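First up is the structure itself, then whatever we jot down about it.
All values reported here derive from a predicted model rather than from experimental measurement. Side chains included, hydrogens not; waters and symmetry mates left out as well; all remaining heavy atoms used.
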Amino acid sequence: MCGLVGVVSSKGVGVCLYDALTVLQHRGQDAAGIMTCDNGKLNLRKDNGLVKDVFHNRHMRRLTGQMGIGHVRYPTAGGSSPALAQPFYVNSPYGLSLAHNGNLTNSKELSRDLFKEDLRHINTDSDSEVLLNVFAHELQRRNKMKPMPEDVFAAVAGVHNRCRGGYVAIVMLSGYGIVGFRDRNGIRPLVFGSRKSVRGTEYMIASESVALDSQGFTLERDVAPGEAVYIDVNGNLHTQICTQQGEYTPCIFEHVYFARPDSLMDGISVYKARLRMGEKLADKLVRLRPDHDIDVVIPIPDTSRTSAMELANSLGLKYREGFVKNRYIGRTFIMPGQAQRKKSVRQKLNAIDLEFRGKNVLLVDDSIVRGTTCKQIIQMARDAGANKVYFASASPAIRYPNVYGIDMPAASELIASGKTEQEIEKLIGADWLIYQDLDDLTAAATEGNPKIKQFECSVFNGEYITADVDEVYLKRLENSRSDAAKNLKKNGGGTEDQSPVADLHNDA
């Protein structure tokens, strides 16, 4: 999962991009990058680390220009070397730079085609570089000295024709403009907005609406599935649907975990969706245990707070903050390596004994992925003196990997994979475990925008909307995503899919 932003302005955009990336930091904490364009000259700064650590005053002074794009990244199966920080760049045609969020499910085949047919070299194992080169090839086929909006849209149409999966991207054409586009199913999020200046209208494209809010841009709307939004260097807006739209299926996990609560996604308030998750979870709890003995509801900060608060309100129970969070530790779900995740939980949270001692507590989290975090937190509650510890998940059991841009672990590392709720309950050490029902989860989001009939829920039900994900693909994915595979790669070894470029040369 990554965060994207692109701006065309009447003044320098470097600080604006920096501030927007800071707002989007929750979407990726591994690397950050900004590329600006100043009268056709490109300026780039990217590296591993948080936004505040990657960009210093000396870097910001060099990021001049009235147009630019930015990216924050978290590590995926491809690794986390500085070479994988974005934006990526190719010089032909025009000079193109790209920031990408998502995953191409056919990147291996595309890499082979790019090498054999398009004569393009892929330097990393990142599907983002593949996507950039596909776009570059499709745009170069137009063979224009100066690209017009129709040429940009034709290139995006070519991307949709060749690429499969869930993806959004922002591409900057040096000296000409920026274009943002979204996959035909609208799986990954993308919005755009505008603000007035003395010289006309300025535009921003971003992963979440909070990036627009932070910089004084007014949200225009979400980029539609299959749509491209092109803003030329003069600030003129052009939009076009570039492919036949599939079923509009945004990722439900954005509402569960990734997005900030103050964002609007696909016309849905993330905050209100999480409130409704809490209401529906409370209804299920009463159905199952009308005579429950819960004394207090305590959220596991931060994402679950909204749902936990509404659950407590619906049940007429006390809501208390029982854990104090260290703000300087990253999100454990997206940390590489099981050992590091285990170590970080105790560094990240500390229990307030007063809220636990002698009480039957209901802990609420947004989801349970590996079970590592919740197991330790349940033990922390017991160590703090809790009488009984119940655990509620605002989402259903996660039993399948994600293939559309969320680096869910291998299926074998998901605690719910192949297990009953009672078995999971025992493994995490809870006195009772309650999961949200999938129908209730999707309803919590759909109520915010009835036009969206369904969501991408593959991590819960194993149904992959693009219909190109089979057991062979999932096995290959598991080989690259398991902690063992990542440790091997970190230590200089390889996996089955380590180097698409090497595969291409071997096949040639």
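- Atom-to-atom distance recorded for Glu117:CD and Leu114:CG is 9.0 Å, nearest 0.5 angstrom.
- Taking the charged nitrogens against the carboxylate oxygens, Asp30 and Arg73 do have a contact shorter than 4.0 Å, which makes a salt bridge.
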(request) Let me see the working for His100 and Ser128 under side-chain hydrogen bond (donor to acceptor under 3.5 Å, both in side chains), right down to the final yes or no. (result) CA-CA 6 Å; His100 165 230; Ser128 302; 2.6 Å; yes
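- Formation of a donor-acceptor pair under 3.5 Å by the Lys46 side chain with backbone atoms of Gln86 is not found in this model.
- Looking at every heavy atom in both residues, Leu414 comes nearest to Pro401 through CD1-N, 4.0 Å.
- Asn161 places no side-chain N or O within donor-acceptor distance of the main-chain N or O of Ala157, the cut-off being under 3.5 Å.
- Heavy atoms only, all atoms of each residue included: Tyr404 and Gly166 are closest at CD2-N, 3.4 Å.
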(message) side-chain hydrogen bond (donor to acceptor under 3.5 Å, both in side chains) for Glu227 and Gln240? Distances and angles first, verdict last.
(response) CA-CA 6 Å; Glu227 183 181 29; Gln240 184 172 304; over 6 Å; no
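- Contact record, Pro250 with Ile452: CD-CG2, 3.7 Å, taken as the closest heavy-atom pair.
- The only option from Arg188, Arg260, Arg27 that meets the salt bridge (Lys or Arg N to Asp or Glu O under 4.0 Å) definition with Glu208 turns out to be Arg27.
- Using a cutoff of 4.0 Å between basic side-chain nitrogens and carboxylate oxygens, Asp266 and Arg182 are scored as salt-bridged.
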(message) Walk me through whether Ser304 and Asp366 qualify under side-chain hydrogen bond (donor to acceptor under 3.5 Å, both in side chains).
(response) CA-CA 5 Å; Ser304 64; Asp366 51 76; 5.3 Å; no
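- A salt bridge links Lys325 and Asp302; the closest N-O separation between the charged side-chain nitrogens and carboxylate oxygens is under 4.0 Å.
- Relative ring orientation between Phe460 and Phe253 is described as tilted, the plane-to-plane angle lying within the 30° to 60° band.
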(message) Working note: Arg112 + Asp118, criterion salt bridge (Lys or Arg N to Asp or Glu O under 4.0 Å); need CA distance, chi angles, decisive distance, verdict.
(response) CA-CA 9 Å; Arg112 185 172 292 110; Asp118 301 345; over 6 Å; no
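- When each of Val210, Val270, Asp213 is checked for a side-chain contact (heavy atoms from CB on, under 4.5 Å) with Asp262, only Val210 meets the rule.
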(request) I would like to know whether Gln436 and Ser395 meet side-chain hydrogen bond (donor to acceptor under 3.5 Å, both in side chains); could you show each step before the answer? (result) CA-CA 5 Å; Gln436 182 88 264; Ser395 64; over 6 Å; no
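- Scanning both residues, Ile406 and Phe258, for their nearest heavy atoms gives CG2-CE1, 3.6 Å.
- Salt bridge annotation for Glu138-Arg162: present, with a cationic side-chain nitrogen under 4.0 angstrom from a carboxylate oxygen.
- A salt bridge is absent between Glu310 and Lys280: the closest approach of a Lys/Arg side-chain nitrogen to an acidic carboxylate oxygen does not fall below 4.0 angstrom.
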